[in-house]
*Asks:* 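Dropping the structure in here first, questions after.
These figures come from a predicted structure and were not determined experimentally.
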Amino acid sequence: MKVLWIFAHPEPRSLNGALRDEGLRTLTALGHEHRQSDLYAMGWNPVVDAADFDHDPTSRLVVGSTSRRAFENRTLSADIRLEQEKLDWADVVIVHFPLWWYGMPAILKGWFDRVFVKGFAYGVREPGPDGRTLRYGEGRMAGKRAMIITSAGSGEAALGPRGVNGDLDELLFPIQHGTLWYIGLSVLPPLAVYGADRLPDAEYAHAAAELRERLRTLATATPIPFRRQNHGDYDNGVLRPDLAAGRQGLSVHQSA
C-alpha cells in the first residue's frame, strides 16, 4: 500500500515524533511505500489568501468559487498542488497530531483549509446536469482509508463517555466525520495515547506495539460505520425518523 503520513507537531524529539518514526519504520518493514508531510518542518503556511489561487488581491475573494476555478485551471499555488498529488497517490492517509484545546493544531487546520479546496475535496458532483453532490462516503477519495493518531495529556477515563473532558470519539467527530468521511475516506478507529506528558517507558512501549499492530492491519481493519448521505438514510440532510429512533446526537450518524 501507499501511505501518506500527515504530521503536525513542532518537536521531532517529542512522544509524537518518536511514534511517527516508529510508524514509518514499521511501514517500511511491512513493505509499504510511504510519503510524509511534516507540516512544521515544511514551514507550512496555514493561511488561506488570494495568492493560493493566483487571484487579483484588489478584487473580492470568494474562496469557494475562486478555489474551484484555480483547481480546474491548475493555477493553485505549488505547495497546495503538491499536497493534492500526495493525496491522489495514497491508498491510506494517516493524520497525526496532539490534541490541543479540543482540536488539532492550527497548522494542521490550515493544511485542510488550503488543500481541501472546492472541486478537489468538496463540491464534487456526479457527471451530468442532475448529478448528486458526492460527500459523506462518496467523492474523490472514495475507496481510500484514513486513520487519526493523537495524543492527549488527559487520562483515558477523563476522555471517556462520562469523562469531564468529553468523549474522545465525539471530540474527533468534526475531523473524522465532517472532514475525512465527507470527502469519501473510510475512517478507521483512532489510535490515542493518553497521559502523553508523563508517559512511563513501559506505557510508551505498549503504545508503540499498538501502533505497529494498527499499521499491520490498515488494509483489513473495520472502518467506523458512518452512514452515507446518498444511500437513503437521510431526507434533505436529516436522518430518517425510523433510524436510531428516539436518539439524537453524534452517534446516530453511525449505522451500528
*Asks:* Restricting to salt bridge (charged side-chain N to carboxylate O under 4.0 Å, His left out), what partner residues turn up for Asp113, sequence neighbours left out?
*Replies:* Lys109
*Asks:* Would a 4.5 Å heavy-atom cut-off, applied to side chains only, mark Tyr102 and Leu172 as touching?
*Replies:* no
*Asks:* Show me the side-chain donor-acceptor pairs of residues 186-200 shorter than 3.5 Å, one per line, residues at least two apart or across chains.
*Replies:*
unit_1: Arg198; atom_1: NH1; unit_2: Gly153; atom_2: O; d: 3.1
unit_1: Arg198; atom_1: NH2; unit_2: Gly153; atom_2: O; d: 3.0

*Asks:* If the condition is salt bridge (charged side-chain N to carboxylate O under 4.0 Å, His left out), which residues does Lys86 pass it with, not counting sequence neighbours?
*Replies:*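 Scan of Lys86 (salt bridge (charged side-chain N to carboxylate O under 4.0 Å, His left out), adjacent residues dropped) gives Glu83.
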*Asks:* With sequence neighbours left out, which residue pairs that include part of residues 233-256 fulfil the ring pair (Phe, Tyr, Trp, His ring centres under 6.0 Å) condition?
*Replies:*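 Residue pairs with at least one partner in residues 233-256: His177-His253, Tyr234-His253.
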*Asks:* Using the test ring-ring contact (aromatic ring centres under 6.0 Å, His included), find all partners of Tyr182 that sit at least two apart in sequence or belong to another chain.
*Replies:*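 Counting only residues at least two positions away or on another chain, Tyr182 forms a ring-ring contact (aromatic ring centres under 6.0 Å, His included) with Tyr136.
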*Asks:* Residues two or more places apart in sequence or in another chain: which of them pass side chain to side chain contact (heavy atoms under 4.5 Å, CB included) with Arg125?
*Replies:* Thr133
*Asks:* List, by chain and number, the other hydrophobic cluster members for Val238, where Ile, Leu, Val, Met, Phe, Trp and Tyr join if side-chain heavy atoms come within less than 4.5 Å, directly or indirectly.
*Replies:* none
*Asks:* Keeping to residues at least two apart or across chains, list the side-chain hydrogen bond (donor to acceptor under 3.5 Å, both in side chains) pairs with something in residues 156-170.
*Replies:* Ser154-Asn165
*Asks:* Please collect all side-chain hydrogen bond (donor to acceptor under 3.5 Å, both in side chains) contacts where either partner lies in residues 6-29, sequence neighbours excluded, each pair once.
*Replies:*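 Output for this query lists His9-Ser14, Glu11-Arg13, Asn16-His96, Asn16-Ser151, Arg20-Gln36, Arg20-Asp38, Glu22-Arg25, Glu22-Arg212, Thr28-His34.
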*Asks:* Which residues satisfy the ring-ring contact (aromatic ring centres under 6.0 Å, His included) test with Phe116, sequence neighbours excluded?
*Replies:*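 Counting only residues at least two positions away or on another chain, Phe116 forms a ring-ring contact (aromatic ring centres under 6.0 Å, His included) with Trp111, Phe112.
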*Asks:* With sequence neighbours left out, what residues match Phe71 under ring-ring contact (aromatic ring centres under 6.0 Å, His included)?
*Replies:*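 ring-ring contact (aromatic ring centres under 6.0 Å, His included) check on Phe71 returns Phe120.
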*Asks:* Taking side chain to side chain contact (heavy atoms under 4.5 Å, CB included) as the definition, give me every residue that meets it alongside Arg247, ordered by chain and number, with sequence neighbours left out.
*Replies:* Ala244, Ser251, Val252
*Asks:* For the residue pair Arg35 and Trp89, would you count it as a cation-pi contact if the rule is NZ or CZ under 6.0 angstrom from the ring centre and within 45 degrees of the ring axis?
*Replies:* yes
